[in-house]
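The model shown is predicted, which means the values in this text are computed figures rather than measured ones. If you read the sequence from its start, that first residue is 1, and numbering goes on from there. Remember, it's 1-based here, ligands and their atoms both numbered in the order they're listed.
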Amino acid sequence: MSADVRSFFGRPIIIGGGIAGLMTALHLAPEPVLLLSRTLLGTDTSSTWAQGGLAASLGDDDDPTLHLADTIAVGAGLCDKNMASRILHDAPSAIEGLARFGVPFDRALKGSLRLGLEAAHSRRRIVHAHGDGTGREIMRALIAAVRSAPSIVVVEGVEARRLAVKDNAIRGVWASCSIGPVFFGSRRVVLATGGIGGLFLDTTNPLGSCGQGLALAARAGAVLTDLEFIQFHPTALDGPERPMTLISEAVRGEGAALVDETGRPFLQGVQGAELAPRDVLARAVWNHLAKGHRVFLDARERPGLEFARQFPAIASACRGAGINPARDLIPIRPAQHYHMGGVAVDGSGRTSVKGLWACGEVASTGLHGANRLASNSLTEAVVCARWVAESVAGTPARRTRSAITNDYPSPDPKTVRPLLSRALGIVRDGDGLKATAGALLPLAEAKDAASDPAAVGLMITVAALSREESRGAHYRVDFPHRAAVARRFELTLADALAAARELARSPSLEGAK
Ligand code: SIN
C-alpha cells in the first residue's frame with residue numbers, strides 16, 4: 001500500500017471483505033469508506049463458499065411470523081425475539097435488494113424465485129443462485145458493485161491487528177501490510193471479519209477465518225456473548241482434505257438419506273430424521289460414529305441423476321474424491337460450520353465500545369439463539385448491513401490523530417486448534433473444558449502468534465464452562481439436561497482471564513458467571 005494513509009483519516013473503516021463488509025460499504029455510499037481485506041476480495045472468505053442460500057418468507061404459503069416461529073423453535077429458548085422478528089420481516093426486501101445488485105437467483109419457469117427446503121424449516125423458503133454456488137454468485141455481484149463505487153476504497157492484503165481505543169471509544173486500527181505496520185485513524189470502525197472455523201481441525205470454513213474480529217473486539221474491551229454456541233454441520237465430506245467440503249443440507253432437502261456402512265438408516269427415534277435441527281442431527285451422527293460405525297449420505301435415488309445439475313459444486317468436489325453421488329455413497333462426518341456467538345450488538349449493530357460496530361458472523365444479534373436455523377445467516381448479514389450503515393452514517397465523523405505505528409504478530413492458530421477441537425466439539429465435559437482453560441491461559445497472556453487465537457479460545461471455553469446445562473449446540477455430558485431458565489452469558493476478555501486465573505488456583509469458576 002503506497003498512498004499516504006492519512007488521506008483516509010476520518011473515513012469509516014470496514015474490516016472484512018465478505019458479504020457483510022461489502023454490503024455495509026455499498027449501503028454507506030456515497031459516504032467515502034475504507035474497506036480493509038486480508039486477502040484479494042472474494043478469496044479465503046466463507047461468504048464465497050456458502051452453498052446454502054438465504055432464508056426468507058417469499059412463498060405464497062409463508063409469512064415472517066412462520067419463519068420466526070421456526071427460528072425460535074430451533075434456537076432452544078435463547079433467540080432475541082425482537083431482533084429475530086425485525087430481521088426476518090426485512091428478509092424478503094433484502095433479497096430483492098441483492099437481486100437489484102445483479103445476483104442471478106434461481107427462478108422457476110414463470111420467473112418467480114425458486115424456493116428450496118432445508119432442515120427445520122416448515123416451508124420452502126431458501127433462495128439459491130446457481131444451485132450450490134449461492135455465495136460465489138452473491139460475492140461476484142457485490143464485488144463488481146464495490147469495485148465500481150467511487151466512494152469505496154478497497155485495500156487488499158491488509159490485516160487488522162489491534163483497535164486503538166481511548167476512554168472506551170475507537171480511535172483507529174493498527175494493521176499490517178506488505179510494507180509493514182500501518183495506522184488508520186478513524187472513530188468509526190465496522191467489524192465484518194466472519195467466524196472461527198480456522199480454530200478447529202475439522203471445519204467447512206477457510207482456515208484463515210480464525211476469530212480475528214473477536215480478538216480485535218475482545219482486546220478493545222468489548223462485550224462478547226453466546227460464545228459457547230458453535231454449530232457443527234452434520235454432513236461434511238469425510239476425507240483427508242482440510243478444510244472439509246460441505247455437503248449442503250439442501251441435498252437432504254431434496255431427499256438424500258443418511259445410512260451407515262451396513263446400508264441401513266440409523267436415525268430411528270430422531271424427530272425430523274434427515275431434516276432435524278442441525279444440533280440434533282450432528283449429535284446423532286457423532287454418536288453413531290463414536291460407536292464405531294461409518295456414516296454416508298445416500299443420494300443415489302434422490303436427487304439421483306439430478307445431483308450434478310442441482311449441486312454442481314458439490315458434485316465436482318465429490319468427483320475430485322472419486323465419488324459419483326448418483327452411483328456411490330458419500331462418506332460424511334460433522335465439522336465446525338458456524339459460530340452463533342460473537343460480539344454483542346444492539347439493533348443497529350453497535351457494540352459496547354463507542355464507534356465500533358459488528359456485522360455478519362462476528363456479531364451476535366440474538367437471531368440464532370443456541371442453534372442457528374439453516375440459511376438464516378446470509379440473510380442476517382444482508383439485512384443487518386443496512387442497519388449498521390445507517391447507524392455509521394448517522395454518527396458524525398470527528399477529527400482523528402495519527403498514532404505511533406505498532407507491530408503486532410500475525411495470528412497463527414495451529415497450537416490452539418487441537419485444544420479447541422478436543423474440548424469444544426459436539427460433546428463437551430467440565431474436566432476437559434477446565435484442562436483446556438488451563439492450557440490456553442498462558443498462551444493468551446503471551447504476546448506471540450498464538451495469543452489472539454488462544455484469547456478467543458479461552459473466552460469460548462470459559463463461556464462453555466459457565467453454562468452448566470445442555471442447550472442447542474452446547475451439549476455437556478456432565479450436565480445433559482436443559483435448565484428451566486434460559487439465560488444468555490456476556491463476557492469480556494478481562495472476565496475470562498480472571499476466571500481462568502481463578503480456576504488455575506481452585507476448581508471453582510464463579511468469576512465467569
Ligand atoms: C448448507 O447448505 O447446508 C449450509 C447452509 C447454512 O449453513 O445455512
Side-chain angles (χ1 to χ4, degrees), residues 18-20 45-56 67 70-71 74-75 84 87-88 91 94-95 105-106 114-121 124-138 194-197 200 202-206 209 229-237 243-256 258 272 274-282 285 297 299 303 307 310-315 317-318 325 330 332-340 360-361 367-369 371-383 472-473:
I19 288 172
T45 162
S46 323
S47 292
T48 302
W49 292 12
Q51 296 175 359
L54 297 96
H67 190 177
D70 292 346
T71 299
V74 162
I87 292 170
L88 301 178
I95 285 167
F105 288 120
D106 297 340
R114 190 181 294 152
L115 301 176
L117 181 66
E118 286 183 3
H121 285 275
R124 286 194 162 260
R125 61 165 75 99
I126 320 297
V127 295
H128 290 93
H130 286 207
D132 55 9
T134 310
R136 186 191 64 226
E137 293 306 316
I138 297 176
I196 59 167
F200 287 80
D202 291 352
T203 179
T204 59
N205 292 292
S209 294
F229 297 112
I230 298 170
Q231 184 161 72
F232 289 79
H233 199 289
T235 56
L237 181 62
M244 298 167 83
T245 296
L246 178 71
I247 311 291
S248 174
E249 204 151 270
V251 175
R252 279 174 276 128
E254 293 304 320
L258 284 169
E274 273 79 4
L275 295 183
R278 241 173 232 181
D279 57 334
V280 174
L281 197 57
V285 173
L297 199 56
F307 195 105
Q310 285 182 304
F311 305 105
I314 302 173
C318 285
I330 308 170
I332 58 96
R333 61 186 295 113
Q336 189 283 342
H337 184 61
Y338 188 81
H339 195 195
M340 275 71 76
E361 189 171 349
L367 169 66
H368 308 304
N371 181 44
R372 178 181 62 107
L373 184 65
S375 288
N376 263 357
S377 46
L378 294 187
T379 299
E380 178 192 48
V382 176
V383 168

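- Side chain to side chain, T204 and H233 fail the donor-acceptor criterion of an N or O pair below 3.5 Å.
- The side-chain hydrogen bond (donor to acceptor under 3.5 Å, both in side chains) test with N376 singles out one residue from H368, E118, H67, and that residue is H67.
- Close contacts of ligand 1 with A374, meaning ligand atoms under 4.0 Å from a residue heavy atom, involve 8 (O).
- Residues Q51 and F311 fail the side-chain proximity criterion, which asks for heavy atoms closer than 4.5 Å.
- Using a 4.5 Å heavy-atom cutoff, the side chains of I314 and V251 are in contact.
- Contact annotation: the side chain of P234 approaches that of R252 to within less than 4.5 Å [non-hydrogen atoms, C-beta and beyond].
- Under the 3.5 Å distance criterion, with hydrogens and angles disregarded, no donor-acceptor pair is assigned to the side chains of S248 and D132.
- Contact atoms of ligand 1 toward G52: 2 (O), 5 (C) (distance under 4.0 Å to a heavy atom of the residue).
- Every atom of ligand 1 with a heavy atom of S375 under 4.0 Å away is listed here by number and element: 6 (C), 8 (O).
- The single protein non-hydrogen atom nearest to atom 2 (O) of ligand 1 is S248 OG, 2.6 Å, given as residue, atom name and distance.
- Comparing E249, Q231, Q51 against atom 3 (O) of ligand 1, the shortest heavy-atom distance belongs to E249.
- Close approach to R372 involves these atoms of ligand 1, each under 4.0 Å from a residue heavy atom: 6 (C), 7 (O), 8 (O).
- Close contacts between ligand 1 and H233 involve ligand atoms 1 (C), 3 (O), 4 (C) [criterion: under 4.0 Å to a heavy atom].
- Of the protein's non-hydrogen atoms, the one nearest atom 4 (C) of ligand 1 is R278 NH2, 3.3 Å.
- Heavy-atom proximity to H337, at under 4.0 Å, picks out these atoms of ligand 1: 4 (C), 6 (C), 7 (O).
- A heavy-atom distance below 4.5 Å is not found between the side chains of Q336 and D202.
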